[in-house]
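Each chain gets a letter, A, B and so on, in the order the sequences are listed, and its residues count up from 1.
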Number of protein chains: 2
Amino acid sequence: MMNTKAKGAPELPLNTILSGDCVEVMNALPENSVDLIFADPPYNLQLRGDLHRPDNSKVDAVDDDWDQFDSFEVYDRFTRDWLKAARRILKPNGAIWVIGSYHNIFRVGAALQNEGYWILNDVVWRKANPMPNFRGKRFTNAHETMIWASKSEKAKYTFNYEALKELNEGVQMRSDWVLPICNGGERLKDANGEKAHPTQKPQSLLHRVLIGSTNPGDVVLDPFFGTGTTGAVAKMLGRDFIGIEREEAYIKVAEERLGRVRKLDKEALEVTRAKRAEPRVPFGQLVERGMLRPGEELHSLNGRYKAKVRADGTLAQADIKGSIHQVGAKLEGAPSCNGWTYWCIKRDGKSIPIDAMRQQIRQEMR
Amino acid sequence: MMNTKAKGAPELPLNTILSGDCVEVMNALPENSVDLIFADPPYNLQLRGDLHRPDNSKVDAVDDDWDQFDSFEVYDRFTRDWLKAARRILKPNGAIWVIGSYHNIFRVGAALQNEGYWILNDVVWRKANPMPNFRGKRFTNAHETMIWASKSEKAKYTFNYEALKELNEGVQMRSDWVLPICNGGERLKDANGEKAHPTQKPQSLLHRVLIGSTNPGDVVLDPFFGTGTTGAVAKMLGRDFIGIEREEAYIKVAEERLGRVRKLDKEALEVTRAKRAEPRVPFGQLVERGMLRPGEELHSLNGRYKAKVRADGTLAQADIKGSIHQVGAKLEGAPSCNGWTYWCIKRDGKSIPIDAMRQQIRQEMR
DNA sequence: GCAACGAGTGAATCAATGG
DNA sequence: ACCATTGATTCACTCGTTG
């Protein structure tokens with residue numbers, strides 16, 4: 001990897017991957033020298049047995065050695081140690097991002113606060129296409145949490161408000177980001193065609209992080225570099241990176257990847273935003289929001305049928321039960337039915353199609 | 001408030017608001033007596049100075065006494081104390097929800113894990129209409145985090161998967177919920193027309209929580225009752241509630257509010273149930289009842305295999321013998337197989353899954 | 001060539017019951 | 001308490017093959 005000199009920090013091994021334990025490696029770097037740290041530490045998943053899909057195929061779980069910790073206490077010590085080392089090398093106005101799931105993120109967040117970092121936001125990555133919950137025992141685990149924190153309460157951290165606003169079609173960027181998981185051509189494969197790393201993050205996530213909280217020429221360090229998404233996006237966006245990684249196999253894949261990355265020219269950085277489709281509004285939300293009361297009666301547009309609303313957003317008419325679409329279809333003897341335009345509610349003596357209520361919700365969502 | 005006796009827990013002050021410190025009040029309640037706890041504890045906001053909007057109007061911030069803590073240590077002790085007291089009164093299969101923001105939720109989550117609770121999901125409440133970030137210095141704080149945890153790892157917690165799936169238009173409910181904040185007519189006002197409580201939660205949020213993780217007749221306790229959203233939704237949905245609140249002014253508003261709430265009728269409360277809740281029907285009954293004759297041949301759904309029904313309700317295919325599930329699994333080389341949906345029988349030239357016969361028996365059992 | 005279909009997969013703390 | 005058995009359970013997207 002090429003070594004570039006940075007102003008005021010001549011010893012920094014820029015645009016390199018350093019091999020070894022991240023605490024030791026960070027402790028060997030000069031203090032107050034890094035602008036941003038992005039960290040994707042082990043999540044400490046604590047999986048029990050195997051999990052199979054309904055079609056009996058086995059879920060390829062994260063059971064790597066690097067994710068095994070004996071107890072919360074051991075994990076807390078690990079977390080405290082790397083956060084302490086990270087804070088020393090951060091510039092006074094530097095900041096950190098840490099990503100995690102409910103298994104570890106609460107411990108990470110508490111440790112950040114205990115070490116003197118100042119939390120600026122927690123940001124939720126809402127996955128557009130998460131893995132479902134196969135046993136129907138919990139909510140689909142559809143998000144991960146990122147914590148953004150400055151080195152101290154007084155730090156003048158970098159925040160490119162206008163650039164993020166542009167990325168978000170002219171309205172200020174919120175703390176919840178909808179982005180797809182990393183798959184397809186972006187997902188790195190090893191020689192056997194298997195995924196090279198079990199938890200490769202999407203470049204879109206790092207793109208938003210780096211556009212929002214660094215400037216071109218800034219130094220970005222990733223202490224859990226893996227296959228180098230942070231480095232790839234940093235290089236593309238004209239930031240310098242330092243990667244630290246323990247596993248030689250990951251380093252090899254990352255170096256090949258970084259060799260293929262080219263820095264973008266200014267024009268290429270401009271992203272064209274796709275238009276969003278109308279958001280789907282479940283009928284149940286009308287009930288949850290109190291726009292319809294469970295027990296209220298809907299009537300069909302043609303006036304022939306009535307059905308009662310239930311607390312879970314289904315309808316019931318005698319022993320016919322189901323969604324607004326299913327009950328409509330059943331009553332009409334039709335193969336399908338658009339319940340939104342079929343069902344109406346009486347309000348002040350007037351019939352209102354429930355679709356009007358859906359429009360109202362969509363209005364609020366904008 | 002009316003006091004209703006619950007089976008096996010005669011001392012519980014159901015459907016009342018108890019005045020006082022929540023730890024002391026909870027410690028006076030019997031252990032293992034509550035099905036669900038919903039808690040909206042102080043967020044420890046640590047606000048510095050006033051915040052003004054671009055038009056110079058002052059933002060009405062949460063600066064109440066009850067949200068002031070001297071240090072993280074004091075907040076941690078407070079959190080540990082109330083979580084400990086809460087865990088004692090929870091039934092073994094009970095669960096807890098705690099809501100918070102980045103100021104406190106990491107400390108709450110870590111404390112939950114330290115006290116022996118088992119996190120089931122973190123759920124993000126994505127606000128449809130959050131307050132914008134007026135200064136443009138951070139991301140719009142557009143969400144809050146809820147943690148759902150059972151009393152212990154082994155607990156058989158309540159999760160109404162099917163009802164939630166219905167609420168979400170037929171696809172399983174995710175860990176990110178888009179719901180509006182509480183305003184308009186739902187927002188309670190005091191005598192001066194000011195908002196009665198600074199952080200009143202929307203009923204839609206509690207609706208989803210209670211539909212998903214309680215059943216009618218369950219006891220729901222809220223140790224930071226405020227103006228009683230938890231109680232109002234619990235009463236509406238036919239659950240019993242216990243509220244604990246320190247501030248007399250909030251108790252007064254909550255009692256008036258609860259007096260206006262009406263319980264929904266039984267039909268409206270009925271919710272789509274899981275198949276698991278259906279009575280078990282042994283395959284042998286199909287043979288005993290003559291719906292299948294010993295010697296008849298079943299074929300697999302994919303058409304690849306056949307097997308003969310035997311008089312004891314087992315199947316046989318060459319030297320493979322056993323239950324409908326065992327033979328299916330063996331033939332497919334799968335770790336397991338649901339024989340009910342795997343095997344079919346020819347009737348009048350058409351393939352009928354044997355599950356249809358089971359449905360018929362269940363129908364008769366009603 | 002293109003549409004239709006089927007197979008594969010992603011940070012997962014993922015069962016309940018009867019003997 | 002443990003063990004064997006029953007049988008419930010998936011969303012969005014990509015890619016390769018078939019028609």
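Residue A:Thr199 is in base contact, counting any heavy-atom pair closer than 4.0 Å across all strands shown. Contacts of A:Trp66 with the nucleic acid, taken as non-hydrogen atoms under 4.0 Å apart, include base atoms. Looking at heavy-atom distances under 4.0 Å, A:Pro202 makes no contact with the nucleic acid at all.
Within a heavy-atom distance below 4.0 Å of DNA chain C, the residues of residues 131-140 of chain A found are A:Met131, A:Pro132, A:Asn133, A:Phe134, A:Arg135, A:Lys137, A:Arg138.
Residues A:Pro130 and B:His325 both approach DNA chain D. Their nearest nucleotides, taken by heavy-atom distance, put B:His325 toward the 5′ side.
With hydrogens and angles ignored, the 3.5 Å screen pairs a side-chain donor or acceptor of B:Ser150 with a backbone N or O of B:Ser152. A donor-acceptor contact shorter than 3.5 Å links the side chain of A:Arg138 to the backbone of B:Leu120.
Side chains of A:His197 and A:Asp190: a donor-acceptor N/O pair is absent below 3.5 angstrom, by distance only.
In DNA chain C, the stems built from three or more successive Watson-Crick or G-U pairs (distances below 3.5 Å) are C:2-10 with D:11-19, C:15-19 with D:2-6.
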Sugar-phosphate means primed atoms, P, OP1 and OP2; the rest is base. With that split, encode nucleotides 13-19 of chain D 5' to 3' as B, S or - using protein heavy atoms under 4.0 Å. SSS----
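Taking atom P in both C:dT9 and D:dA8, one finds a spacing of 27 Å when rounded to whole Å. Between the P atoms of D:dG7 and C:dC14, the separation comes to 23 Å (whole Å).
Under 4.0 Å is where a charged nitrogen must lie from a carboxylate oxygen, and between B:Glu153 and A:Arg48 at least one such pair does.
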